[in-house]
Amino acid sequence: MPLLTNREIAETLERYANLASITGENAFRSRAFQRAADVVRDLHEPVIALMDRGDLRRLPGIGSGIADAIETLVRTGALPPLDALQRTVPATLLDLLQVPGVGVKTATRVYRELGVVDLPGLLAAAESGRIRALPGLGPKTEANILAAMEALRRRTGRFLLGTALPLARRIVADLQGTLPAGSSVAISGSVRRMEETVADIDLVVSTRVHEAIPATVAHLPLLSGIVRHENGSLRVTTHAGIPVDIVVVDPSVFGTALIRATGSADHLALLPEVLPSAPTEEEVYSRLDMEWIAPDLRLGLGEVMQAKAGTLPTLLSVGDVRGEFHAHTLWSDGTATILDMVRSAAERGYAFLGVSDHSRALGVANGLDAARLAAQRQEIEKAQRATGLRVFASCEVEVHRDGLLDFDDHILEALDLVIASTHSGLRQPRDVLTERLLRVIANPHVDIIAHPSGRLVERREGGDFDWNRVFAAAAATRTALEINASPERLDLNHDLARRALEAGCLLTINCDAHSTVGFDALEYGVAVARKAGADPDRIVNCWPIERIEAWLQTRQT
DNA sequence: GCCGTTTTCGGCCCGACTGTTTTCAGTCG
């Protein structure tokens, strides 16, 4: 029986919600499924555990109808209403929604009126001028669709690290429990290098009984069967569709195999063609007269030379992060109370947390107006008293198209910490976009610029900013730039973060958590900072609380 | 389909922007 993860269940519910809205089902029904998908995605424990306790329909937004559907999905692997819809309408219709600018309405129209059922069909319709011929759609819409599809074509089709890494860890844990005694398994490849996207999951198994491995692998619940098996390597695939490559080696050469399977092509090109045979990575590197190189740095960017010279930098690790500034709660679009978020931060060993819900302009996220912001402050102070954690009263303030902020200065001034962020108008031309952000950086009340580029990994390119000017301004005003750790964003990315550091900027790593599980993303942000070569001294949330308070004080004047 | 100090029916997240338009529909977050 397939063991579905919460994420897979959420994706199936979401597929149904989207397909249902295209085919004209009750909009509220499809929104209910969408909401249920969001709830399932943010759960702290497996859906199956809730099912066992009979607690599924206690969840907000999940009543008896959707609970039944989820139970059937978990039991049989199929969602009956989705199957029913797919018998009447091609599932490829869902692909149309991936095109930015194409929503449910447009997808429905090109399907009904032009017979478009998939992306190639949409491209053909746009290229032949049939889209502009539809009433209400014009040449600009058609041109936008063509441009968006070109951007879509450039996408790699790779999987997000945030999907692949947790899955890889579960497979490793399952394998570890079933491998013959004396065997072990490790993650390698781009997942171990913490690349933002990966094509597959690579594992290396060390064992003396090679012949036992295929059968062991074939019985893993997360995997759906062996695709290929040759020369001591196996290719299988997960239920989520991610290929898994498993190399099987003797323990005596485990270190060698791990280095081969982990290094990027550029890193490996700088190593000798024939590596020394050894059971551990440390021994291989040592026999090459090099220090051991952390996997996320094996990119061929000078780390090999540094390892030979013994000058590898000391980089920050997850444990260096003492707290976060950017987190959401039920007050806007988060799914946990302030107290739950603060307690979760405390459990993770944090010394402080910034509560920064959206401002009013982000209406869909239930953004706060001045009155609610003031009311929220009481609850923030209560949470601070109850936990002993320093809780910063903050706000993720929307940047308008002209660079004005969503709140007046006197409201910003009263906050402990101000985060500014841009969610719309990211397609403005470079000089307009840059001036807009410079105006925000120049505001002395603004302490942090959240997800500066606005990119979404594999889904949306960031804004076309003049980064040299942005970094120079941020460095001059000591405004911190965020490395947003959410695997969907990773913004700044490691290239921009490195340039920001070179320009003298302060950085901050935040999960932008919308639930207590959201804090799990920290390691992705830390990996970005490490690749950028960040010293903890330049990451504001690695500082002791007194230094942070002092930084905030100097900024308010 | 979900939900209820509006409680078993009748509502259901909202404002800005864009492109199409002469007053609005669709998308996005």
Side-chain angles (χ1 to χ4, degrees), chain A residues 13-14 16-18 20-22 25-40 56-70 72 79-82 85 96-110 126 131-148 328 330-335 357-369 372 396-406 421-429 432-433 436 450-451 454-456 459-463 484 486 488-489 491 512 514:
Chain A
L13 294 172
E14 192 164 61
Y16 172 70
N18 283 329
S21 52
I22 293 179
E25 296 253 342
N26 181 333
F28 294 112
R29 184 182 146 94
S30 92
R31 189 182 299 172
F33 272 84
Q34 178 64 57
R35 186 161 126 80
D38 293 340
V39 169
V40 166
L56 200 51
R57 57 204 70 197
R58 274 186 228 267
L59 294 173
I62 296 183
S64 56
I66 292 183
D68 286 349
I70 291 176
T72 309
L79 191 71
L82 179 60
L85 261 188
L96 304 187
L97 299 180
Q98 289 172 21
V99 180
V102 176
V104 167
K105 302 279 181 181
T106 309
T108 308
R109 291 199 58 192
V110 297
I131 300 220
R132 75 174 79 180
L134 291 177
L137 301 177
K140 278 211 171 172
T141 304
E142 190 172 85
N144 284 343
I145 287 176
L146 281 170
H328 297 269
L330 280 171
W331 281 79
S332 65
D333 60 347
T335 58
D357 279 301
H358 293 284
S359 65
R360 61 188 165 183
L362 211 61
V364 65
N366 192 21
L368 275 62
D369 58 19
R372 289 181 66 222
E396 182 178 4
V397 184
E398 213 41 35
V399 175
H400 294 193
R401 291 179 60 76
D402 50 8
L404 276 178
L405 290 164
D406 211 15
S421 89
T422 308
H423 288 101
S424 61
L426 283 163
R427 287 195 300 178
Q428 288 174 324
V432 177
L433 204 50
R436 177 179 171 199
H451 42 76
R455 72 113 169 215
L456 293 173
R459 272 176 35 220
R460 183 178 75 199
E461 312 233 350
N484 191 293
S486 160
E488 286 82 28
R489 290 194 180 271
D491 180 15
D512 194 356
H514 284 69

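Chain identifiers are assigned alphabetically (A, B, ...) following the order of the sequence lines, protein sequences preceding nucleic acid strands; residue numbering begins at 1 within each chain.
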Could you give the [atom1]-to-[atom2] distance, from [X] to [N], as a whole number of Å?
{"X": "A:Arg460", "N": "B:dT27", "atom1": "CZ", "atom2": "P", "result": "17 Å"}
{"X": "A:Leu97", "N": "B:dG29", "atom1": "CG", "atom2": "P", "result": "13 Å"}
{"X": "A:Leu56", "N": "B:dC2", "atom1": "CG", "atom2": "P", "result": "11 Å"}
{"X": "A:Asn18", "N": "B:dT27", "atom1": "CG", "atom2": "P", "result": "12 Å"}
{"X": "A:Ile22", "N": "B:dT27", "atom1": "CD1", "atom2": "C1'", "result": "14 Å"}
{"X": "A:Glu488", "N": "B:dG29", "atom1": "CD", "atom2": "C1'", "result": "14 Å"}
{"X": "A:Leu13", "N": "B:dC2", "atom1": "CG", "atom2": "P", "result": "11 Å"}
{"X": "A:Arg29", "N": "B:dC3", "atom1": "CZ", "atom2": "P", "result": "15 Å"}

Open item on the list: I want to check one thing: is the phosphate of B:dT27, taken as OP1 and OP2, less than 4.0 Å away from some side-chain N or O of A:Thr106?
Closed with: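 So the side chain of A:Thr106 is within the cut-off, an N or O lying under 4.0 Å from OP1 or OP2 of B:dT27.
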Where the side chain of [X] meets the backbone of [Y], is there a donor-acceptor pair that is under 3.5 Å apart?
{"X": "A:Asp406", "Y": "A:Ala361", "answer": "yes"}
{"X": "A:Thr335", "Y": "A:His514", "answer": "yes"}
{"X": "A:Arg57", "Y": "A:Ile66", "answer": "no"}

Task: Opposite nucleotide pairing with B:dA16, Watson-Crick or G-U, both atom distances under 3.5 Å - done: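 Here B:dA16 is engaged in a pair, and the nucleotide opposite it is B:dT27.
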Task: 4.5 Å side-chain heavy-atom contact, A:Leu426 and A:Arg460 - done: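 Side-chain contact under 4.5 Å: yes.
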Please report the distance separating the [atom1] of [N] from the corresponding atom of [M], rounded so that it comes out in whole Å.
{"N": "B:dC9", "M": "B:dC14", "atom1": "P", "result": "25 Å"}
{"N": "B:dG26", "M": "B:dT21", "atom1": "P", "result": "13 Å"}
{"N": "B:dC3", "M": "B:dC13", "atom1": "P", "result": "12 Å"}
{"N": "B:dT22", "M": "B:dG29", "atom1": "P", "result": "27 Å"}
{"N": "B:dG11", "M": "B:dT6", "atom1": "P", "result": "15 Å"}
{"N": "B:dT8", "M": "B:dG1", "atom1": "C1'", "result": "14 Å"}
{"N": "B:dT18", "M": "B:dG10", "atom1": "P", "result": "40 Å"}

Task: Distance (rounded to the nearest 0.5 Å) between A:Lys105 NZ and A:Ser21 OG - done: 9.0 Å
Task: Per-nucleotide protein contact string for nucleotides 12-19 of chain B (B base, S sugar-phosphate only, - none; heavy atom under 4.0 Å) - done: BBB--SSS
Task: Neighbour count above 12 (heavy atom, 6.0 Å) for A:Glu461 CD - done: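 No - once you tally the heavy atoms of other residues, nucleotides and ligands closer than 6.0 Å, there are 12 at most.
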TODO: Start with the C-alpha gap between A:His423 and A:Glu396, add the side-chain angles, then the distance that decides, and say whether side chain to side chain contact (heavy atoms under 4.5 Å, CB included) holds.
DONE: CA-CA 11 Å; A:His423 288 101; A:Glu396 182 178 4; 3.3 Å; yes
Task: Which residue lies more 5' along DNA chain B, comparing A:Gly103 with A:Ile66 via nearest heavy atoms - done: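 Looking at the nearest nucleotide for each, A:Ile66 comes out on the 5' side.
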Task: Evaluation steps, side chain to side chain contact (heavy atoms under 4.5 Å, CB included), between A:Ser421 and A:Glu398 - done: CA-CA 5 Å; A:Ser421 89; A:Glu398 213 41 35; 4.2 Å; yes
- [ ] Check every atom of B:dC28, B:dT27, B:dG1 against the side chain of A:Ala32 and return the nucleotide holding the closest atom.
- [x] B:dG1
- [ ] Please work out if A:Ser30 contacts a base, only the sugar-phosphate, or nothing of the nucleic acid, heavy-atom cut-off 4.0 Å.
- [x] nothing
